[in-house]
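Take a look at the structure below.
Each chain gets a letter, A, B and so on, in the order the sequences are listed, and its residues count up from 1.
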Amino acid sequence: MNNVVKMFLNLVVVGALSGAVLSGVFSKADPMIKANKEKELREAIFIVLPDARDFKVFEKTVGAEKLIVYKGIDASGSPVGVAFKADGGGFQGNVGLMVGLDREYLKLKGMEVLEQLETPGLGDRIREEAFKEQFKGLDVKPKVEYIKYRKPEKPNQIQAITGATISSEAVVKNINNAVSKVIANFPLDEMNKPESAPAAAPVEAQNGK
Amino acid sequence: MANSLAREFTKGLWQEIPPFRLVLGLCPTLAVTNSAINGLAMGMATIFVLFFSNVLVSFIRRTISSQVRIPAYVVIIATLVTVADMFLAAVFPQISKALGPYIPLIVVNCIILGRAEAFAQKNSVLPTAADTLGIGTGFILSLTLMGGIREVLGFGSIFGVKLLGEWFEPWIIMILPAGAFLVFGGLVALVNYISSRKAAKAAEAAEAAAHGM
């Protein structure tokens, strides 16, 4: 009997202490983790819309899905394009991108990888500058395409990474899905309405490389 | 005293070097060692959890009744791993991103529970600290070595610095899971070869000494 009480107390004390430590650390770490995510998101917006100095957030609910578009504006408040997230399955997990689209909805302004679990050394090369660079100025109409082993021939094509076709394809597919959703739900005139000039130009644009 | 502490420490570096000799902790050894930096970071996170959890286990070894020791150890280890995970995500988001799901998996790294069972619960705090630091350092060295070999062969670089020129065609298999098994097998064979040579030499020397009498 005594032993049962001791076992019981042992586990209760260990569990309670563990809970106390975890909640203490969590209350400190959670705001920092959230701030890191937020900062990463902001930086990505300024990377894909290099001429933006600030952005306004637009939200729309379509069915069960919530669409968020970040409308980039320059120092005088005139729109420079929109940024939005493009998520979808890759080779091993979600491939999350931030995509910048110009104000006519015709060409991409940039692409940044927010999250990916692709194979190190193969699929994760979608994060490389050389690959991301291909999306600058790319035509989104009729849609973005990829080709293998040779240089792109049309203005809407990129070259897939050798040995990582599935990851390259995931990027292209996610961009096409997200672009068509944005075009269908956020009319051009709404996204081209000037905004009031940003109070102080945020400096993230210079920080993001 | 200092001598025996040093012995507890150094045994982790060769005689009981975790992945190659104890053959423990193989999941992280195989999974995260596709570059030297990943191996090093995983090793550091593991030594943190290993050290603090085993010192704690050694502290409370007389208070915990033996029937519930395993659940108690698991709670301690899991708490420390969660703390390490949150700390990395809050302070070093880049490393946290690179290691991804592997940090939570330290919970099931058998080195930690293995050392708690085999050493910490039978020894006082100081020898336990020496033991875990030795085993942990051995683990860091093994993971960095494996990561280094795979990175050189698979990317032609080490710690992200290009080592081999354009002529080098990277062996992509080395950074894929199959490469982990190839390098691991090679290293286990090498370690066994070296120690069997050592044992043979020692036996020879003993025989010679016996004849010399």
Closest-packed option against chain A by number of heavy-atom pairs under 4.5 Å, given B:Ile76, B:Ile60, B:Val83:
B:Val83
Chain A shares the most heavy-atom pairs under 4.5 Å, among B:Leu80, B:Ile64, B:Val91, with B:Ile64
To the nearest 0.5 Å, how far apart are OG in A:Ser168 and CZ in A:Phe131?
4.5 Å
When the 4.5 angstrom heavy-atom criterion is applied to A:Leu22 and chain B, the contacting part is both
Could you give me the CA-CA distance, side-chain angles and deciding distance for A:Leu41 and A:Lys85, then say whether side chain to side chain contact (heavy atoms under 4.5 Å, CB included) is met?
CA-CA 9 Å; A:Leu41 189 79; A:Lys85 278 171 134 181; 3.9 Å; yes
A:Tyr146: ring pair (Phe, Tyr, Trp, His ring centres under 6.0 Å) partners, not counting sequence neighbours
none
In plain terms, say whether A:Arg127 and A:Glu118 are close enough for a salt bridge, that is, a side-chain N and a carboxylate O under 4.0 Å apart.
no
Atom CD in A:Glu112, atom CG in A:Leu114: separation rounded to 0.5 Å?
7.0 Å
Highest number of heavy-atom pairs under 4.5 Å with chain A among B:Pro93, B:Ala89, B:Ser65 belongs to B:Ser65
Below 4.5 Å, heavy-atom pairs only: which of B:Pro177, B:Ala90, B:Ser96 has the largest tally toward chain A?
B:Ala90
